Each structure stands twice: as C-alpha cells, then as structure tokens.
Amino acid sequence: MRVLVVGASGAIGRRLLPRLAERGHQVTGTSRSAARAGGLSRLGAEPAVLDVLDADAVRATLASARPDAIIYQATDLTGRGFARNMDRGFAPTNRLRTTGTDILLAAAREHGVPRFIAQSFAPFRYAHEGGLVKDESDPLLADPPPSARASFAAMAHVDQAVTTAGGIALRYGGFYGERDDSMVSAVRKRQFPLIGDGGGIMSFIHLDDAAAATVLALDADGPAVYNVTDEDPAPMRDWLPALAAAVGARPPRHVPAWAGGLLLGKTLSLITEGRGASSARARKELGWTPRYPSWREGFPAAFGERARRAG
C-alpha cells in the first residue's frame, strides 16, 4: 500500500515510518521543515516538504505520491503544555485540526484516496458525569471552559469531518515516551503540582503503542472512532507521583483546589473532574495489544534510565 504520512517528523510520525516500511508499505513522509523532511529517508520514507494549510501544495503532493491511504499527524504542540488559556497555546494546532483537515480531505476526495486516518484526542473530552471511564459511544463534554472551547471544537471537527468522509479518527491518550516533553520537564522542575484530592482521571499511551495501533488501523474499515489508550485510566494522585519517581524528580508539590483555580482558572475542571477512556474497542477490532498496558510499567521503561543516572 502507498501511504502518505502528513506530519511525519513529529513524535508519532517518527515512530510510524519504520513500522510502515517493515510491513512492506511504500511510504511518503512530509514535514513543514525542509531540514526535518531531509531526515525522513533514514526512517524508511520518501521525504517531502509540505505545509498542509497550502491547498495547492497538498494537491501537488497527493498527485506525486498517489497514496492509497493518508495518515494525518500534523500538530504544533512542541513546548506547549496545559495552561490557563488552552486556546491561546493551541491556536496553531487548532488550525491544523480544522482548516488543515478540510484541505487534506478535499484533496483526498479529488484524488480518490480510499483510506484516511487522523490524530484525535481522548483525555479531558468526555462528559464529567456517570462512570469514571468512557468508551467511544459516551457523550463528550458539552460545555468546556471558555478558554478551551476553540480547542475542543477543533478536536470535535477532526472526529466529525474524518468519519463523515468514511475515515478513522484515533483518540489517543496523553502521550509519553519522549524524554524531554513539556510535561516531563515541568514534573522534573516540580512545576506540575498535585491539585486538590487528585481525583481527576487521566488515560495515557506510550508513543510506541500509539504508533503500533495506527499501523493496524490501516487494515480497518471506516467510518470509526477509536480510543487509543492504555488499559489503566488513573487519578492524578496515583500517576503524577509515579511519573516524578520515574524521571528522578522529587515528589510533586501539593496545592489545594482553590490555589489550583488561581493558576488555571476554569480549565482546572478538566484536570480535577476529567474522565478516563477505554480502549477495549481498539484492542478488539484492530487486534491491538499495547506493549505497555499501564503507565505503571511504561513510565519506568520510558524514563527509568535517566532516573538511575540522576541518582
């Protein structure tokens, strides 16, 4: 199969390319950066420079690559973490998730590309009611905080636009596996506190497991939405101290909920009331088994070597 990976130089894309090549796929990988695109050939892909917001360039890339499938992984999240105003920090990614998705889907229709898989997101999005762990059929949060509405709308746009076109939206969990991502850096500096009773639920996924599930989704039929998370949704009071220990940091500071509100405003509710996501459907329908079924094994595996050196 000829596969076009848009956003191939990102955290997921770099892990996707060799897996796709190993399965015999002919892969073209794109990056907005010429320097990063040049390194994609070492990962098994034909490199291409592409700004997915440039409709003419997108059509030209599809005409050249002639893909049977498109995997859309473009984001602009480097150095961006959870903040009081999510929409401000996520604005470039929101545009990629709305305008970029629409441009790419239109070009896919024009060129008759039958398969389309896109990156979506599961954490914080499910309604703060009922059970603590949600599947794909459960309702999403209808009233996100004002400073996060554009970000939530952009994620919803990906889900709806892709599935309406017959494609597959993968709602990944919170990524980990990069040694120096923004969350790990904040935890190491004790800038990521445990807030209130730490009861909000989070679902994680190791980047390697996310890539493995994405490759398997090429063989699935759409339209479909899948949660791609590990099997251990957990409250912050469990996972945050474990992450600190894994990266060799001191235990996280604890702040009361009112102080957390001063730091994060109304976005605090996403952390304190968040629900987890079940990946049972992806495991059943994609035949996917995560290498790290829980962050309890995954955090030490991803960060333990550095922690031992620091000690």
Side-chain angles (χ1 to χ4, degrees), residues 1-78 92-93 95-97 99-120 158 161-162 165-170 172 175 177-178 205-222 226 228 286 288:
M1 186 185 299
R2 292 188 298 272
V3 182
L4 174 65
V5 180
V6 178
S9 63
I12 289 284
R14 296 194 309 274
R15 291 164 168 82
L16 270 174
L17 300 185
R19 286 173 169 80
L20 291 167
E22 287 169 4
R23 293 174 71 95
H25 297 299
Q26 180 180 327
V27 187
T28 298
T30 80
S31 174
R32 284 170 289 177
S33 162
R36 290 185 177 182
L40 298 179
S41 58
R42 295 192 297 272
L43 299 175
E46 180 69 25
V49 178
L50 176 65
D51 178 357
V52 75
L53 300 177
D54 182 336
D56 290 338
V58 169
R59 287 193 293 269
T61 297
L62 265 66
S64 175
R66 298 180 297 111
D68 304 300
I70 295 171
I71 300 177
Y72 186 34
Q73 296 285 345
T75 62
D76 188 356
L77 296 172
T78 301
T93 292
R95 192 175 179 207
L96 292 170
R97 287 172 168 164
T99 304
T101 296
D102 290 346
I103 288 173
L104 200 52
L105 283 171
R109 286 192 298 270
E110 181 180 329
H111 289 270
V113 182
R115 294 184 179 274
F116 194 103
I117 298 168
Q119 177 184 141
S120 186
V158 171
V162 169
I168 294 174
L170 300 179
Y172 297 115
F175 292 139
E178 295 278 73
I205 188 67
H206 192 289
L207 285 161
D208 288 341
D209 284 331
T214 305
V215 172
L216 292 174
L218 280 173
D219 296 324
D221 293 326
Y226 292 104
V228 179
L286 301 181
W288 170 62

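Keep in mind that this is a model prediction, so the values were computed, not measured.
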So, the side chain of [X] versus the backbone of [Y]: is there a donor-acceptor pair under 3.5 Å, distance only?
X: Trp288; Y: Thr214; value: no
X: Ser64; Y: Ala60; value: no
X: His206; Y: Asp208; value: yes
X: Arg115; Y: Ala220; value: yes

What closest approach, in Å, do [X] and [Y] show between heavy atoms, and which atom pair accounts for it?
X: Val162; Y: Ala169; result: CG1-N, 4.1 Å
X: Ala34; Y: Val49; result: CA-CG2, 3.7 Å
X: Pro92; Y: Asp76; result: CB-OD2, 3.3 Å
X: Gly100; Y: Val52; result: O-CG2, 4.0 Å
X: Ala210; Y: Phe175; result: CB-CE2, 4.0 Å
X: Ala45; Y: Leu17; result: CB-CD1, 3.8 Å

| His111 versus Arg59: any side-chain heavy-atom pair under 4.5 Å? | yes
| message | Less than 4.5 Å apart, side chain to side chain, heavy atoms only: is that true for Thr28 and Arg66? | response | no
| query | Got a sec, which residues hit side chain to side chain donor-acceptor pair (under 3.5 Å) with Glu178, two or more places apart in sequence or on another chain? | reply | Arg14, Arg15
| field | Test side chain to side chain donor-acceptor pair (under 3.5 Å) applied to Asp51 - qualifying residues, sequence neighbours left out | value | none
Spacing of [atom1] belonging to [X] relative to [atom2] belonging to [Y], to within rounding of 0.5 Å:
X: Leu104; Y: Leu62; atom1: CG; atom2: CG; value: 6.5 Å
X: Thr99; Y: Arg97; atom1: OG1; atom2: CZ; value: 13.5 Å
X: Arg42; Y: Leu40; atom1: CZ; atom2: CG; value: 8.5 Å
X: Phe116; Y: Leu105; atom1: CZ; atom2: CG; value: 4.0 Å
X: Asp54; Y: Ile103; atom1: CG; atom2: CD1; value: 7.5 Å
X: Leu16; Y: Gln73; atom1: CG; atom2: CD; value: 5.5 Å

Side-chain donor/acceptor pairs under 3.5 Å, residues 4-13, sequence neighbours excluded:
{"residue": "Ser9", "atom": "OG", "partner": "Ser31", "partner atom": "OG", "Å": "3.0"}

| request: Take atom CZ of Arg2 as the centre, draw a 6.0 Å sphere, and report whether it contains more than 12 heavy atoms from other residues, nucleotides or ligands. | output: yes
| query | Of the options Ile71, Val158, Thr75, Leu96, which is the one that meets Gln119 in a side chain to side chain contact (heavy atoms under 4.5 Å, CB included)? | reply | Thr75
